Protein chains: 2
Amino acid sequence: MDQRSPRSAPKGPGRPVTLRDVARAAGVSVATASKALNDQGRMADETRERVRQAAKTLGFRPNGLAQSLSRQRSFTVGLLTNDTYGRFTLPVMAGIADALVDNGVSVFLCNIEDDPRLAQTHVDAMLEKRVDGIIASGKRIDRHLPVDLSNLGIPVIYAFTEPDPESIGFVSDDEAGARLAVEHLVRLGRRRIAHVTGPSSFRVVHQRAKAYRDVLREAGLEEPEQGVLTGQWTEGWGHEAAGYLFDGIGRPPDAVFCGNDQIARGVVDALRERGRRVPDDVAVIGFDNWEIVAAATRPPLTTVDMNLKDLGREAGLTLLQLVDRQPIEPGIRRLPCRLVVRQSCGTPPGG
Amino acid sequence: MDQRSPRSAPKGPGRPVTLRDVARAAGVSVATASKALNDQGRMADETRERVRQAAKTLGFRPNGLAQSLSRQRSFTVGLLTNDTYGRFTLPVMAGIADALVDNGVSVFLCNIEDDPRLAQTHVDAMLEKRVDGIIASGKRIDRHLPVDLSNLGIPVIYAFTEPDPESIGFVSDDEAGARLAVEHLVRLGRRRIAHVTGPSSFRVVHQRAKAYRDVLREAGLEEPEQGVLTGQWTEGWGHEAAGYLFDGIGRPPDAVFCGNDQIARGVVDALRERGRRVPDDVAVIGFDNWEIVAAATRPPLTTVDMNLKDLGREAGLTLLQLVDRQPIEPGIRRLPCRLVVRQSCGTPPGG
DNA sequence: CTGAAAGCGCTTACAG
DNA sequence: CTGAAAGCGCTTACAG
């Protein structure tokens, strides 16, 4: 298409320069040229240097396909995900890509959209392209991708999605994360803490509710009548729930632990509309640390961050170890969450 | 690692079966086996079928690296982006991936984070892996990625980012998109239409403002004193701007065209707090159709959708044509936007 | 209709 | 210290 500049510069069109060209230019065999460039074997420093120079001036770029073919390693991995618009997967993917790129491996993006056929297509493509391994990631930590990854003959890692038994998976520690939130509220002196969360079909809903109750009990606090309200992961539900909590006849809570930031925003907005001050009258805490909503809420939300990027990074690194045949204990790793303090709960005692 | 099940089933560990194994099993040469499986050349139907059977029962999966090496085509492309958390890039990427996967090509995800060094690293990696082409995508339509893609020797397409001169780029038609919005307002009978938008350092801010003014003029409408308010792309700015528009002494607008959905949400919230009804007293329209904010706004936002996924799909398809050496006219393609009617402007006359 | 051979561009024992 | 040779697993003219 683009035939200008027939110069022999490093870049530009024209048949790419091969190892053979380099060898010829340096006056050595291809074998020697290969070894020189890969720092393999012994040879006169002078020779090695001469080859390097030749490669450089010719703008040699090794053909990765050929390298992979003979090395039996493609320095490439497949990243499967069903989370197109990536609320959760995005940071996970970023972390994975980070870890891998740093180690010279490229990643194939495979969006499978919860479609088993599409998933299989992608897996087949990955296998044909001889990826060194696969990372499966998803939008729900308690659902398995609609594809069987158990007998592929290459290493597989699960990140933020339900892993196969006997495999290796990385997930967030939701119970510990919820503890972080509720303990923060307790520490700030709140005594009547409610919990507004998502649908009970989500496992995290139970894990977080359990932590919530555990912390209340440990603190000697009573669970309000309307202790745990399950609904949707939406602002709308946050609104509605605030109605139940604050428009009733019972004594209203002085703090609300929300299952995600959207719910929290709904609660905060509803509170403002009712003339209740956040955080003075009631403290509200979210979950996810979804910047775009946490930061836009008035006041900005204190919330729990699942450290998804770190989780992705860990997953990527672990896959690499597996590829290098290092023995890794199977099982699920629960990675810690982190509290992000903004203004919706007031200032902590020490700060 | 996983050495169980030494059966010769299609899946599972053990040295992968090669074309040679298939040929042997079918009693033909590798050459014939290859042709049989690729539907190349002439041969007895019976032979072809026999080879196919053998391949099937052995669970043969061609080694893509070897195929690519001899075919001089990797069926792989690189996708460069600087938009990690992907507000805009995400749908574009999804569209690209869609188009490519349908055509049997895999995509390498290259996140470059606005870092020239990282970008070069990725480009080098892509070149070594012999991608058939590259798609550059970004979060800003008026910025070039921090890397030179002009003399790579492989086709390059730009999607939602500033293209090189003489290259092929796909962008949204912001002027036409803005027209859609303002004409909608006019059609609904609004006479005093204001425009609250982002920073004037963005080219789209000027393009949309121009369209806004053009439509007003064409409709014989006057631009209010505070016609165009430039600020940030945030809810906060929407709030603030609403103050300027509605708390002053002048006659307030009866409609606000916002530069994005976040601003629109800020405006709507501010209006509600001032007791002004949307859409009855003032119609508000957004831009981007960012579901998560457009749908959560009360009332849900009427807005302009840039059809980013389609844009991505077009870009992917075009790259494929380029790879196939089809001649394509260089230049920028502006793809149309689409109006998404929800409730923040009221019901259109016909609906 | 089918196969032997060369080739894609590297790497890696193995000789010398 | 260096090179010839085989090999990675395919494809593709070219003979027969």
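Since the structure is predicted, the reported quantities are computational estimates derived from the model, not experimental observations. Each chain gets a letter, A, B and so on, in the order the sequences are listed, and its residues count up from 1.
In this structure, A:Asn63 contributes its side chain and A:Ala66 its backbone to a donor-acceptor pair below 3.5 Å.
To the nearest 0.5 angstrom, B:Arg50 atom CZ is 12.0 Å from B:Asp45 atom CG. With rounding to the nearest 0.5 Å, the separation of CD1 in A:Ile134 from CG in A:Leu322 is 12.5 Å. In this structure, CZ on A:Arg87 lies 12.0 Å from NZ on A:Lys139, to the nearest 0.5 angstrom.
Residues B:Ala66 and B:Thr32 each lie close to DNA chain C; by heavy-atom proximity, the contact nearer the 5' end of the strand is made by B:Thr32. Position along DNA chain C of the nearest nucleotide to B:Arg50 versus B:Leu69 favours B:Arg50 as the more 5'-ward residue. Ranked by how close their nearest DNA chain D nucleotide is to the 5' end, A:Ala44 and B:Ala31 are led by A:Ala44.
When the ring-ring contact (aromatic ring centres under 6.0 Å, His included) test is applied to A:Phe160, the partners found at least two apart in sequence or on another chain are A:Phe88. Residues meeting the ring-ring contact (aromatic ring centres under 6.0 Å, His included) test with A:Tyr158, sequence neighbours left out: A:His144.
Residue A:Thr47 is in sugar-phosphate contact alone, with no base atom involved, counting any heavy-atom pair closer than 4.0 Å across all strands shown. Using a 4.0 Å heavy-atom criterion, one finds that B:Thr18 contacts the sugar-phosphate atoms exclusively. Among the protein residues, B:Arg42 comes within range of the nucleic acid bases, having at least one heavy atom under 4.0 Å from a base atom.
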Considering only distance and modelled atom types, tabulate donor-acceptor pairs under 3.5 Å from the side chains of residues 108-118 of chain A, sequence neighbours left out.
unit_1, atom_1, unit_2, atom_2, d
A:Asn111, ND2, A:Thr81, O, 3.2
A:Asp114, OD1, A:Asn82, ND2, 3.1
A:Asp115, OD1, A:Arg117, N, 2.8
A:Asp115, OD1, A:Leu118, N, 3.3

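Between the side chains of B:Lys129 and A:Ser106, at least one donor N or O lies within less than 3.5 Å of an accepting N or O.
Taking a cutoff of 4.0 Å between a charged side-chain nitrogen and a carboxylate oxygen, A:Arg140 and A:Asp83 do not qualify as a salt bridge.
Within a 6.0 Å sphere centred on CZ of A:Arg334, heavy atoms belonging to other residues, nucleotides or ligands number 12 at most. Annotation: B:Arg73, atom CZ; neighbour count of heavy atoms from other residues, nucleotides and ligands within 6.0 Å is above 12.
Base-pairing analysis of DNA chain C finds the following stems of at least three consecutive Watson-Crick or G-U pairs, with both pairing distances under 3.5 Å: C:1-3 with D:14-16, C:5-12 with D:5-12, C:14-16 with D:1-3.
For the segment residues 19-28 of chain B, residues with any heavy atom less than 4.0 angstrom from an atom of DNA chain C are, sorted by number, B:Val28.
Contacts between chain A and DNA chain D, taken as any atom within less than 4.0 angstrom of a protein heavy atom, begin and end at D:dC1 to D:dG9.
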